[in-house]
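These notes concern the structure reproduced below.
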Amino acid sequence: MDHLIPSHNDLWFLPLGGTGEIGMNMNLYGHDGQWLMVDCGVSFNEPLKPDSQTTYELVCADPSFISKQRHRLAGIVITHAHEDHLGALPFLWKRFKVPVYATPFTAEILRRKLAQVGLLSQVDIRELPMDSRFQVGSFSLQWITLTHSIPEHSALMIETRAGNVFHTGDWKIDHTPVIGERFTPATLSTLRQRNVSAMVCDSTNALRAGHSISEEACYDALLNVIKNETGRVVVGCFSSNIARLVSIARVAKETGRYVAFIGRSLQNMVSAARVTGYWPEGLPVMESSHLGYLPPEEVIAVATGSQGEPRAMLSRLANDTCFDLTLDKGDLVLFSAMTIPGNEMAIGRLVEAFKAKGIRTLQAQDTDQPIHVSGHPCQDELMAMYDWVRPQLALPTHGEPEHMLANAEIAKSAHVPRQLTGLNGDLFTIAPEIGVRKNAIKAKRIAIDR
């Protein structure tokens with residue numbers, strides 16, 4: 001492993017997680033004898049090996065390669081606060097012991113996670129405003145603000161003496177986001193003057209034609225569905241989707257209901273949004289323990305567990321083991337979240353458990369209304385991004401192989417001169433020559449013991 005040391009002429013990209021799969025992002029950039037880590041995330045209910053029948057609650061990329069040479073790790077940059085981008089850091093930081101760079105909302109979420117494992121006072125978190133320029137070792141960096149389903153998602157412009165990389169992280173083009181600034185191409189169109197050697201780009205929706213749907217359209221759909229309901233409504237969604245939580249609170253206010261968030265992770269996210277100024281004034285939230293005292297037509301509850309996780313709140317509601325709320329026949333459980341590949345059976349079991357009690361369910365595929373919208377770019381958005389940035393090389397990531405191949409084809413259609421696809425553990429050389437060394441390291445995954 002130690003022979004992989006980048007020289008001052010080298011610019012390397014080495015994904016440890018998130019390339020060839022969706023989630024569990026952990027990326028390394030190498031230059032001038034140093035490494036920069038971008039994101040350090042988890043995946044949920046995954047096997048450690050593809051053919052294994054045993055799954056683990058939390059899984060992350062094996063960091064052994066970089067932890068064995070942590071003296072070369074200049075720092076860790078977190079692009080945004082989704083679990084698949086920062087969730088592993090509280091459990092892995094002791095292997096690295098380097099500064100962590102984040103924008104204010106992401107830093108707030110990270111501090112709360114570190115406090116839970118007793119590391120808050122030990123980790124050097126360097127909180128930087130959005131759009132900041134900063135230096136980490138041999139890497140000159142700049143946050144580039146994009147729209148996503150969480151506040152302060154920032155792409156990263158990485159500049160070195162050997163070449164420059166635009167790392168998109170997760171993104172979409174949203175001109176009417178529920179929170180945060182609307183998407184603008186103004187900054188992106190200036191990147192072409194900065195000689196972008198490579199663009200490392202989100203591939204999640206590269207198989208989908210057209211354009212992603214705005215978060216505001218999701219609010220409208222949720223309102224249309226819920227306004228005619230006469231019983232309790234429970235919405236299952238990802239706790240880190242702050243825009244969706246705000247939309248549900250707006251729907252509650254519009255329909256004369258009270259909204260409560262069941263589960264520590266949801267309550268923590270709402271609290272963080274308040275502290276950092278992302279929770280709108282005039283959107284009240286009630287204590288979840290008060291839900292049982294309300295008539296059914298006044299209840300909207302938001303619960304974790306949209307992927308069928310057995311210990312999450314939706315499963316507890318299905319099994320009548322939720323302390324705060326009991327559902328009755330005719331109530332509605334609405335899934336406002338994507339189905340992560342591999343979770344279909346778990347979600348199916350959860351839906352059947354509700355139906356057995358006479359509780360209705362509504363998933364995105366059951367309706368033509370966008371009760372869930374993706375936070376990732378479709379084909380037209382990818383084409384536009386390549387046109388704005390005009391990199392010399394496209395490096396698709398954050399997707400399964402078919403997603404990344406589709407992304408590469410879009411880059412080719414957008415006249416990007418070169419495209420490279422690969423998997424975790426492959427070493428992509430951006431400078432001085434473009435190429436890929438397959439299986440440069442053995443990419444593995446490890447279970448996180450909480």
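Because the structure is predicted, anything quoted here is derived from the model rather than measured.
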Side chain proximity check, [X] to [Y], heavy atoms < 4.5 angstrom:
X: Glu57; Y: Phe44; answer: no
X: His82; Y: Ser149; answer: yes
X: Glu83; Y: Lys113; answer: yes
X: Ser315; Y: Leu350; answer: yes
X: Ile430; Y: Trp12; answer: no
X: Thr145; Y: Thr187; answer: no
X: His398; Y: His85; answer: yes
X: Arg112; Y: Leu120; answer: no

Worksheet item: Is it true that His290 and Tyr258 have ring centroids separated by less than 6.0 Å?
Response: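 No - the distance between ring centres of His290 and Tyr258 does not fall below the 6.0 Å cut-off.
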Worksheet item: Between Tyr101 and Trp143, is the gap from one ring center to the other below 6.0 Å?
Response: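 Ring centres of Trp143 and Tyr101 not closer than 6.0 Å.
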Sub-3.5 Å donor-acceptor pair from the side chain of [X] to the main-chain atoms of [Y], do we have one?
X: Gln379; Y: Ala206; value: yes
X: Thr168; Y: Asp202; value: yes
X: Thr276; Y: Ala272; value: yes
X: Ser203; Y: Thr397; value: yes
X: Asp84; Y: Ser43; value: no
X: Asp331; Y: Arg232; value: yes
X: Glu298; Y: Pro295; value: no
X: Asn439; Y: Ile441; value: no
X: Asp39; Y: Thr79; value: yes

Worksheet item: Do other residues, nucleotides or ligands put more than 12 heavy atoms under 6.0 Å from Gln116 CD?
Response: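 Yes, CD of Gln116 has more than 12 neighbouring heavy atoms, counting only those of other groups under 6.0 Å.
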Worksheet item: side chain to side chain contact (heavy atoms under 4.5 Å, CB included) with Ser189: which residues, sequence neighbours excluded?
Response: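 Applying side chain to side chain contact (heavy atoms under 4.5 Å, CB included) to Ser189 gives Trp388.
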Discussion item. Applying side chain to side chain contact (heavy atoms under 4.5 Å, CB included), can you list everything that pairs with Arg182, at least two apart in sequence or on another chain?
Written reply: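 Listed in chain order: Pro177.
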Worksheet entry | Of all pairs that satisfy side-chain hydrogen bond (donor to acceptor under 3.5 Å, both in side chains), the ones with a partner from residues 210-221, not counting sequence neighbours |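 Sorted result for residues 210-221: Asp174-Ser214, Thr176-Ser214, Ser212-Glu381, Glu215-Arg244, Glu216-Arg250.
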Fill in: Ion pair Glu297/Arg257, N-O distance below 4.0 Å
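Result for this pair is no, no salt bridge flagged.
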Practice prompt. Could you give me the CA-CA distance, side-chain angles and deciding distance for Thr321 and Asn319, then say whether side-chain hydrogen bond (donor to acceptor under 3.5 Å, both in side chains) is met?
Written response: CA-CA 5 Å; Thr321 57; Asn319 296 322; 5.1 Å; no
Fill in: Derivation and outcome, side chain to side chain contact (heavy atoms under 4.5 Å, CB included), residues Leu146 and Leu188
CA-CA 9 Å; Leu146 299 178; Leu188 294 169; 3.9 Å; yes
Worksheet item: What residue among His80, His376, His167 forms ring-ring contact (aromatic ring centres under 6.0 Å, His included) with His153?
Response: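 By the ring-ring contact (aromatic ring centres under 6.0 Å, His included) criterion, His153 pairs with just one of His80, His376, His167: His80.
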Worksheet entry | salt bridge (charged side-chain N to carboxylate O under 4.0 Å, His left out) assessment of Arg349 paired with Glu352 | CA-CA 5 Å; Arg349 287 193 294 268; Glu352 289 304 314; over 6 Å; no
